[in-house]
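Not measured: the values here are computed from a predicted model. Below, chains carry the letters A, B, ... as their sequence lines are ordered, and counting in each starts from 1.
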Number of protein chains: 2
Amino acid sequence: MKAKYITIIDIARQLNISKSTVSRALTGHPNVKEHTRKAVMELAASMEYQRNSLALGFSKHNTNTIGIMVPEFMSTYFPSVIVGVQDVMQAAGYNVVICQQNESYESEVSNMKLLLSYRVDGIIVSHTKETRNFDHFTLAQRRGVPLVFFNRVPEDMNVPNVIVNDYEAAFQAVEHLILIGRKRIAHLAGPESLVNTRLRRQGYLDALKKHGIAHNPDLMLSYDLTTEKVKIYMKHFLELDTPPDALFAINDPTAIAAMEVVKAKGLRIPEDIAIVGFSNDFSAGLVHPGLTTVAQPTSEIGRTAAEMLLQEMRAKVKNDYTIKKAPTVQLSTRLIVRESTVPEEKGKKVMKSK
Amino acid sequence: MKAKYITIIDIARQLNISKSTVSRALTGHPNVKEHTRKAVMELAASMEYQRNSLALGFSKHNTNTIGIMVPEFMSTYFPSVIVGVQDVMQAAGYNVVICQQNESYESEVSNMKLLLSYRVDGIIVSHTKETRNFDHFTLAQRRGVPLVFFNRVPEDMNVPNVIVNDYEAAFQAVEHLILIGRKRIAHLAGPESLVNTRLRRQGYLDALKKHGIAHNPDLMLSYDLTTEKVKIYMKHFLELDTPPDALFAINDPTAIAAMEVVKAKGLRIPEDIAIVGFSNDFSAGLVHPGLTTVAQPTSEIGRTAAEMLLQEMRAKVKNDYTIKKAPTVQLSTRLIVRESTVPEEKGKKVMKSK
DNA sequence: CAAAGAATTGGGACCGTTCCCATGAAAAAA
DNA sequence: TTTTTTCATGGGAACGGTCCCAATTCTTTG
């Protein structure tokens with residue numbers, strides 16, 4: 001069952017030269033005679049020599065590999081961030097390994113240890129909704145492995161990060177609901193453990209305040225991002241004596257699950273209840289009616305995070321974020337208005353006749 | 001910029017014992033005095049010792065890590081297969097690293113080399129649509145690294161694989177269209193490089209034949225899975241003198257893109273044209289009308305592939321598939337009928353009044 | 001109490017590569 | 001031609017673990 005790999009020593013023996021020379025030839029060191037280099041390259045190719053990155057990383061103390069850890073990837077958000085990261089990292093000559101936590105804190109800790117034990121040169125992270133303890137992140141920092149966060153950033157850690165203007169985006173989304181005449185605007189907020197939850201909620205509250213609408217605590221619920229919970233909460237909202245006439249949901253899957261409840265009740269969207277989501281998942285454009293939502297520049301988020309990480313890794317003197325403010329990049333979002341808040345215009349409406 | 005990690009030698013020095021003893025204590029070797037073990041464990045914990053997997057894998061010749069390579073992950077298919085793989089592998093004590101190829105052959109080759117150079121113990125693969133050369137796969141086999149394929153399996157390689165009954169599923173899907181009275185059934189097939197394309201197409205052809213419907217070549221087009229192409233081809237179909245009254249699409253994104261074209265033309269689904277997709281992506285249930293499609297047991301595919309790989313890795317004597325038939329597991333699919341082929345029944349219909 | 005056996009520990013080879021230093025050969029300068 | 005410099009190569013330490021074997025200590029047993 002043991003795999004057999006060719007080593008530089010095999011090559012050296014065959015050519016009757018030293019492994020140092022083989023190593024030099026293979027890595028492109030200048031001091032190798034053209035003749036020798038050619039012989040080595042040819043033999044290596046014909047033997048299908050495959051360098052041992054374990055030995056290499058082990059001896060060189062850097063692996064030219066970065067890790068990216070995401071809490072889940074069933075929505076399109078994280079996958080498309082990852083694609084952005086890969087673009088930049090591939091161009092910079094780094095390998096990327098992906099870890100997925102399934103929203104489990106335990107997996108997060110073990111994936112972090114996996115990446116550290118493989119001595120990756122840096123890590124891009126978005127933490128799970130369960131994460132309340134950040135020791136595994138500070139451990140990486142103490143070990144000198146640069147970290148860059150995106151989307152879900154631990155609030156009391158000073159780390160480089162890429163975020164969007166959650167507060168303003170939420171404010172704008174809720175204001176949009178107000179401007180189309182809604183007064184009883186409900187909010188399904190995410191788990192308390194995520195910054196985004198707090199920022200978006202604050203945007204919601206401040207938009208109400210600006211327009212003189214009293215905040216009704218009965219219309220705001222936090223939950224932990226499972227579809228079943230959304231449905232229970234949404235039913236509860238609809239059964240209130242004076243049910244909401246609009247909903248601002250923390251993200252698109254939430255909004256879509258809520259839509260199902262509304263439709264099952266026989267209510268009309270947006271006439272009876274207008275709905276806004278967040279992130280512009282692929283599915284937001286597919287549901288019926290189309291979901292008004294806040295588009296995030298996903299692949300730009302990924303590219304920006306990757307570039308930040310490159311800078312951290314390339315820094316001659318490691319940045320010490322216990323004494324220095326960590327950089328933050330805030331990207332902007334865009335509200336995409338669809339039929340879940342503004343009904344189709346007659347002219348735009350798809351004709352049912354041939 | 002160099003990361004500083006604690007080693008077993010640091011621990012040994014502090015406790016004034018040999019590194020062998022530290023290693024034994026840490027790995028749970030029986031022959032260590034309880035007192036010593038405790039001291040080692042405590043010091044290791046307090047120093048936040050992190051074992052160096054590079055050194056370990058390097059010296060032990062196995063890394064307890066497997067790789068999984070997928071062509072893309074913007075649909076829900078691959079992510080949920082991955083989750084299945086992770087379930088099984090985590091339980092078996094293996095780490096999983098994920099690589100994503102963005103449907104690029106080049107990335108596939110370089111990811112394969114990455115995984116091999118990191119000496120993973122096994123790899124689960126679904127190849128890209130560009131892949132026509134399989135040398136990078138046979139290389140892994142020659143190195144003794146077990147491979148298990150799923151979904152997209154190279155036809156002329158004898159490798160363990162997990163597939164679904166593509167042929168029967170396609171046959172059944174097309175038969176469904178025939179049974180609801182459709183005669184001019186178009187087929188948008190995938191790229192020639194994928195087995196699935198051929199199997200599903202054959203199912204399509206044979207279903208037509210069984211029901212005495214002559215195959216009209218004008219109604220079948222192969223394309224390379226980009227949304228733009230789908231739209232062009234679908235427009236072409238609709239502009240034929242006698243346009244199709246049904247469409248069987250190679251997958252759900254294709255079906256959904258086609259639906260958009262149909263709707264933009266002002267045609268009704270399913271009255272004017274019935275549509276069937278493949279895979280039951282999350283989005284299939286969201287589009288309007290709901291898409292009839294073939295559900296694949298994604299997480300079971302992942303779990304099965306993982307178990308096959310475990311068996312390969314655990315085999316005392318490596319299976320030599322140049323002389324022995326490789327195992328195949330075929331899982332079954334299920335046709336999910338939605339409104340894109342059968343209109344909502346009155347009773348089932350969502351009531352629009354309160 | 002001596003001898004044998006078991007339990008615990010230490011010593012050091014090994015894994016594949018890089019890289020520094022030494023050596024030898026060839027080329028350039030004196 | 002001799003000396004110096006440059007180029008090409010070889011030798012061997014280092015990286016952080018595991019693991020086998022030898023050495024030591026502690027128990028048993030005759």
What about the rings of Phe73(A) and Phe78(A), do their centers lie closer together than 6.0 Å? no
Can you find a donor-acceptor pair, distance only, under 3.5 Å between [X] side chain and [N] base?
{"X": "Arg24(B)", "N": "dG17(D)", "result": "no"}
{"X": "Lys19(A)", "N": "dT17(C)", "result": "yes"}
{"X": "Arg119(A)", "N": "dG16(D)", "result": "no"}
{"X": "Ser20(A)", "N": "dG12(D)", "result": "yes"}

Double-helix bend of the helix from dC1(C)-dG30(D) to dA30(C)-dT1(D), axes at both ends from 5 pairs, round to 10°, gives 50°
Gap between atoms CG and P, on Asn64(B) and dG17(D) respectively (whole Å): 16 Å
Is Thr7(B) touching bases, backbone alone, or none of the nucleic acid, heavy atoms closer than 4.0 Å? sugar-phosphate
Looking for any heavy atom pair under 4.0 Å, which part of the strands does Ile6(B) touch: base, sugar-phosphate only, or nothing? sugar-phosphate
Mind telling me whether Phe137(A) and His127(A) have parallel, tilted or perpendicular rings, with 30° and 60° as the class edges? tilted
Checking Arg119(B) against Tyr5(A): charged group under 6.0 Å from the ring centre and within 45 degrees of the axis? yes
Take Glu155(B) and Arg132(B) through the salt bridge (Lys or Arg N to Asp or Glu O under 4.0 Å) test and state the conclusion after the steps. CA-CA 10 Å; Glu155(B) 260 185 320; Arg132(B) 284 176 179 82; over 6 Å; no
Please state whether the phosphate of [N], meaning OP1 or OP2, lies under 4.0 angstrom from any side-chain nitrogen or oxygen of [X].
{"X": "Thr36(B)", "N": "dT9(C)", "value": "yes"}
{"X": "Tyr49(A)", "N": "dT17(C)", "value": "yes"}
{"X": "Ser18(A)", "N": "dG10(D)", "value": "yes"}
{"X": "Ser59(B)", "N": "dG16(D)", "value": "no"}

Nearest listed nucleotide, side chain of [X], among [options]:
{"X": "Ala55(B)", "options": "dT8(C), dG17(D), dT17(C)", "value": "dG17(D)"}
{"X": "Lys60(A)", "options": "dT17(C), dT18(C), dT9(C)", "value": "dT18(C)"}
{"X": "Thr21(A)", "options": "dC7(D), dG10(D), dT17(C)", "value": "dG10(D)"}

Enclosure of Glu48(A) CD (heavy-atom neighbours >12, cutoff 6.0 Å): yes
Above 12 or not: heavy atoms from other molecules or residues under 6.0 Å from CZ of Arg152(B)? yes
Check whether the side chains of Tyr77(A) and Asn151(A) place a donor and an acceptor atom closer than 3.5 Å, and report yes or no. yes
